[in-house]
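Okay, structure first, notes after.
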Amino acid sequence: MRKPFLAGNWKMYKTVGEALDLVRRLNISVGQMRDREVLVCPPFTALKSVSQILTDSQIRLGAQNMHYEKEGAFTGDISAAMLVDVGVEYVILGHSERRHVFGESDTLISKKVPAAISANLKPILCIGEKIEERQAGQTQSVVLRQLEQGLSAVPKDHAAHVTIAYEPVWAIGTGHTATPRQAQEVHALIRGALQKKFGSTAETIRILYGGSVKPDNIDSLMAERDIDGALVGGASLTPESFSRIVRYANAGS
Ligand code: PEP
């Protein structure tokens, strides 16, 4: 079975002191939960300090981006090995802000995903359509293209290391969440495409939903069959709201 996965993307928020304060509080409230995976993705500057706090915790550490080359003249960038060196386990790749604010292409992202896996990082590949693409009926083709290209250099025996995050761009940071049904529809499409590509391994790949996830909508999203967790931006910045999201109410219980 797929373990539920609740991930917080802190984006460009939190100084080191603020990050430590947040992670200490999260550690108290959700740091020993073993029936779900909890991930925090602080900015680069806070990774090492946060990693030190998490040594005896079940909370995992992730980064928000990386370069695909091992090292080199890439001013302002960071390598997979540098992230591993400070205790990072996961890395978010292809986030919509990287795609649409910084112009990252499917081709670039397709190099990062296998580079992360080769360095022993677990990539979280983000995909999702813009509002005009949804309105033009292109959701399926956009999502499938980003998925196929992002995973184009991932062999079947490495597929289990990958997590997918479906994040419709129109839902990120806007307060407009996809309805559980809208999200499930796309998650089922993604699951089908993963099955075609990777066979039975697809059943082990977690597909997260992201886009204005809050304490008051997490329960209904998590009740959907193919929604295995959430990638949370704004609501991961306070211990109260992220802890509540992590402790979502299971529809079956
Ligand atoms: C995100 O940053 O991936 C995200 C989904 O942000 P928010 O939860 O704020 O919409």
Side-chain angles (χ1 to χ4, degrees), residues 4-14 18-19 22-23 26 30 37-44 46-47 50 59-66 88 90-104 109 112-113 116 122-131 133-134 139 142-143 146-147 150 162-180 182-184 186-187 190 206-222 224 226-248:
F5 191 10
L6 292 311
N9 171 17
W10 295 1
K11 309 195 187 199
M12 199 173 74
Y13 293 99
K14 307 291 178 190
E18 290 165 347
L22 174 53
V23 82
L26 286 175
V30 297
E37 208 164 336
V38 182
L39 174 73
V40 292
C41 301
F44 293 137
L47 286 172
V50 169
I59 299 176
R60 337 298 299 190
L61 185 63
Q64 300 172 21
N65 188 25
M66 52 161 255
V88 169
Y90 283 90
V91 62
I92 298 172
L93 296 175
H95 190 277
S96 74
E97 286 146 21
R98 299 302 316 174
R99 290 177 189 266
H100 304 303
V101 182
F102 297 99
E104 290 196 6
I109 295 157
K112 294 184 179 198
V113 176
K122 298 171 189 162
I124 300 173
L125 172 65
C126 301
I127 57 179
E129 80 286 3
K130 294 192 270 189
I131 188 64
E133 293 166 333
R134 175 163 281 262
T139 299
V142 170
V143 163
Q146 293 176 345
L147 183 72
V162 174
T163 299
I164 306 297
Y166 168 57
E167 300 206 300
V169 180
W170 47 271
I172 297 180
T174 58
H176 301 300
T177 326
T179 63
Q182 281 174 320
Q184 166 59 28
V186 181
H187 281 230
I190 295 169
R206 289 175 295 189
I207 308 173
L208 314 183
Y209 168 77
S212 297
V213 172
K214 308 282 179 217
D216 63 5
N217 58 29
I218 184 69
D219 300 349
S220 53
L221 287 162
M222 289 302 288
E224 295 292 338
D226 289 293
I227 300 183
D228 305 314
L231 180 54
V232 185
S236 72
L237 295 173
T238 63
E240 296 77 14
S241 58
F242 192 54
S243 297
R244 169 61 183 86
I245 287 169
V246 169
R247 293 179 178 280
Y248 67 92

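Every number for a ligand or one of its atoms is a count from 1 in the order of the listing. Computed from a prediction, not measured in an experiment: that's the story for all the values here.
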> Is the shortest distance from a heavy atom of His95 to ligand 1 less than 4.0 Å?
Replying inline: yes
>> Can you confirm whether Val30 sits close enough to Ile59 that some side-chain heavy atom of one is under 4.5 Å from a side-chain heavy atom of the other?
In response: yes
> Counting from 1, what ligand 1 atoms have a heavy atom of Gly173 closer than 4.0 Å?
Replying inline: 7 (P), 9 (O), 10 (O)
> Going by heavy atoms in the side chains, are Pro42 and Leu61 under 4.5 Å from each other?
Replying inline: yes
>> For atom 2 (O) of ligand 1, what is the closest protein heavy atom, and at what distance to 0.1 Å?
In response: Lys11 CE, 2.6 Å
> Rounded to the nearest 0.5 Å, how far apart are CZ of Arg99 and CG of Leu93?
Replying inline: 9.5 Å
> Side chain or backbone of Ile172 under 4.0 Å from ligand 1, or both, or neither, by non-hydrogen atoms?
Replying inline: both
> Is Ser212 close to ligand 1, meaning an N/O of one under 3.5 Å from an N/O of the other?
Replying inline: yes
> Is a side-chain donor-acceptor pair under 3.5 Å present for Tyr209 with Gln182?
Replying inline: no
> Gly211 heavy atoms, cut-off 4.0 Å: which ligand 1 atoms fall inside?
Replying inline: 5 (C), 10 (O)
> What are the two closest heavy atoms between Ala7 and Leu208, and how far apart are they?
Replying inline: CB-CD1, 4.5 Å
>> Regarding ligand 1, does Thr174 bring an N or O atom to under 3.5 Å of one of the ligand's N or O atoms?
In response: no
> Judging by distance only, is a nitrogen or oxygen of Gly233 under 3.5 angstrom from one on ligand 1?
Replying inline: yes
>> Geometry only, no angles: is Gly234 polar-contacting ligand 1 at N/O separations under 3.5 Å?
In response: yes
>> With a 4.5 Å cut-off on side-chain heavy atoms, are Ile92 and Cys126 touching?
In response: yes
>> What I want to check is whether the side chains of Glu129 and Tyr166 have a donor and an acceptor closer together than 3.5 Å.
In response: yes
> Does any N/O atom on Glu167 come nearer than 3.5 Å to any N/O atom on ligand 1?
Replying inline: yes
>> Using a 4.0 Å cutoff against the non-hydrogen atoms of Ala171, which atoms of ligand 1 qualify?
In response: 10 (O)
> Just wondering, more than 12 heavy atoms not from Tyr13 lying within 6.0 Å of its OH?
Replying inline: no
